[in-house]
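Taking it in order: structure first as structure tokens, then the write-up.
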Amino acid sequence: MLMLPPSPVFGMYPPILPTPPPTPPISRCYAPEDRLGLLLANRLELTSILGVGAYGVVYTAVDIHTNVLYAVKALNKSGLDARQLKFQQREIKLHHLASQHPNVVSLVRIMDSVDCTYVVIEFCPEGDLFSSITEKGNFVGNDPLVKRVFLQILDAVHFCHSMGIYHRDLKPENILVTDQGLTVKLADFGLATTDYLTSDFGCGSTFYMSPECQQPSSRSVTCYESAPNDVWSLGVILVNLTTGRNPWKRASIEDSTFRAYLKDPYFLKSILPLSDEMICILSRIFECDPAKRITIPELRQVIMDCPRFTMNPVIPWSTSGPMPVDYLNSPVPVPGPVDAFNTQSSVSSGSSQYSDFSSSVVSSASSFTEGYPDMDSVSSMSSVGFEAEDCKEFYPSEPIQVSEGHVIPYNLIPVY
């Protein structure tokens, strides 16, 4: 009789399980609106969109525990090559170093996720300097306020230069306003560099580029100095503050206004209400030889000594009384160590600095030259007119190394 092998004990072999379903793909945010409502680090909720730029989106965010508002840059990582990622790391590193100065927007925290890096920054209450000049009319004709604010900008840029950081995109859109217009803060380090000599011609915004930053006409010109280029941009900002205009569209021989200025610096007085003292200051800033251009410490001194910038400055107080001593010289509050998500802030209006960060684009400061005539047709001043995904945080103990791998600034705040 045929003997069958004994049946296996039940449970000796595991039953065959069905093939598991494929792992669902990790969700990605394809539109700026997709991130609204996300909670970062179980604390920061993205509530609205401030602006959309070439490399990501800037949101308003609220700390759900303290109700303090912040701005959050969501820098895209998807689709970027190693070189582009390195530029992002450089922007974060240089902004972090520069934000030690009270007139630089504070970088509060860095958080990282699968598809983007979140940069949490100070949320300034009154938008940017561009809108303050063009829409609110807060500076034109108000020489004391211009002096106070421009000195703050000089100090911020000088601090950056002392750290070996050159901004390369100085313009009113990248300067934020707070303290009822009395305080300004430098922002947007997307084009900043540590290169004293740079070959990035055409870097920045056209209205604010120095002549040497334009595309070179000779192949023998291979680079230019970064610091004097920033000084030139500061000069254009000074004209913006005092007159609400740009001096020219481009500091190039092809620009008829700039050509006229090269022939005679006092030509600007025929189209803008500038004082003689201001013309002398601008002639030292708009020096075409970078080696002879005024330095920031020298510029600070001549600004301090300048009695008037424009022909008919407006005095914002009674001329019969003494000039408030603290109006120009009152110290700007220096923040202590950043206590992230536990500081006071105010709701900010929109800022164009938030709208197109980390990209070299034509500046919206074209509003300074709306209706700007070609100088061949200018005969008088009146011709121009004045017008919730997983989000981990990085706190490495070693300094940032932008040349190696994926790194994030360290020791920004304690981990909670």
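Positions are given from 1, in the same order as the sequence printed here.
Around atom OH of Y266, more than 12 heavy atoms belonging to other residues, nucleotides or ligands sit under 6.0 Å away. Other residues, nucleotides and ligands place no more than 12 heavy atoms under 6.0 Å from the CD atom of Q180.
A search for salt bridge (Lys or Arg N to Asp or Glu O under 4.0 Å) contacts involving D195 returns nothing, not counting sequence neighbours. Scored by the salt bridge (Lys or Arg N to Asp or Glu O under 4.0 Å) test, E277 finds R308 as partners (sequence neighbours excluded). Qualifying side chain to side chain contact (heavy atoms under 4.5 Å, CB included) partners for T194, counting only residues two or more places apart in sequence or in other chains: L94. Every residue was checked against the salt bridge (Lys or Arg N to Asp or Glu O under 4.0 Å) condition with D264, not counting sequence neighbours, and none meets it. T47 pairs by the side-chain hydrogen bond (donor to acceptor under 3.5 Å, both in side chains) definition with T60, not counting sequence neighbours. Applying the ring-ring contact (aromatic ring centres under 6.0 Å, His included) rule to Y224 yields the partners F201; only residues at least two apart in sequence or on another chain are considered. Listed by chain and number, the residues in a side chain to side chain contact (heavy atoms under 4.5 Å, CB included) with L80 are Q84, L85, Q88 (sequence neighbours excluded). Applying the ring-ring contact (aromatic ring centres under 6.0 Å, His included) test to H161 and every residue at least two apart in sequence or in another chain returns Y166.
Residues L107 and F189 are not in side-chain contact: their nearest non-hydrogen atoms beyond the backbone lie 4.5 Å or more apart. By the 4.5 Å heavy-atom criterion applied to side chains, S99 and V105 are not counted as neighbours. The side-chain heavy atoms of S275 and D143, taken from C-beta on, include no pair separated by under 4.5 Å. Side-chain contact between L238 and V146: present, with at least one pair of heavy atoms (C-beta onward) separated by less than 4.5 Å. Looking at T198 and R168, their side chains come closer than 4.5 Å, going by heavy atoms from C-beta outward. Between T310 and V140, every side-chain heavy-atom pair lies at or beyond the 4.5 Å cut-off.
Listed by first and then second residue, the salt bridge (charged side-chain N to carboxylate O under 4.0 Å, His left out) pairs that reach into residues 45-62 come to none, sequence neighbours excluded. Residues in residues 223-241 take part in no salt bridge (charged side-chain N to carboxylate O under 4.0 Å, His left out) pair, two or more places apart or across chains. Evaluation of the salt bridge (charged side-chain N to carboxylate O under 4.0 Å, His left out) test over residues 150-166, restricted to residues two or more places apart or in two chains, returns D155-R300.
Closest approach of P211 to R293, counting heavy atoms only: CD-NH2, 4.4 Å. Nearest heavy atoms, V149 versus G181: CG2-O, 3.7 Å.
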Sequence neighbours left out, cut at 3.5 Å: what donor-acceptor pairs do the side chains of residues 281-292 make with other protein atoms?
residue: S283; atom: OG; partner: C280; partner atom: O; Å: 2.6
residue: E287; atom: OE2; partner: D289; partner atom: N; Å: 3.0
residue: D289; atom: OD1; partner: A291; partner atom: N; Å: 3.0

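For Q152 (side chain) and K185 (main-chain N/O), no donor-acceptor pair under 3.5 Å exists by modelled atom type. Side chain of D115 to backbone of N76: no donor-acceptor contact under 3.5 angstrom is found.
Y208 pairs with exactly one of N174, N240, N229 by the side-chain hydrogen bond (donor to acceptor under 3.5 Å, both in side chains) rule, that one being N240.
Between the side chains of S205 and D169, at least one donor N or O sits under 3.5 Å from an acceptor N or O.
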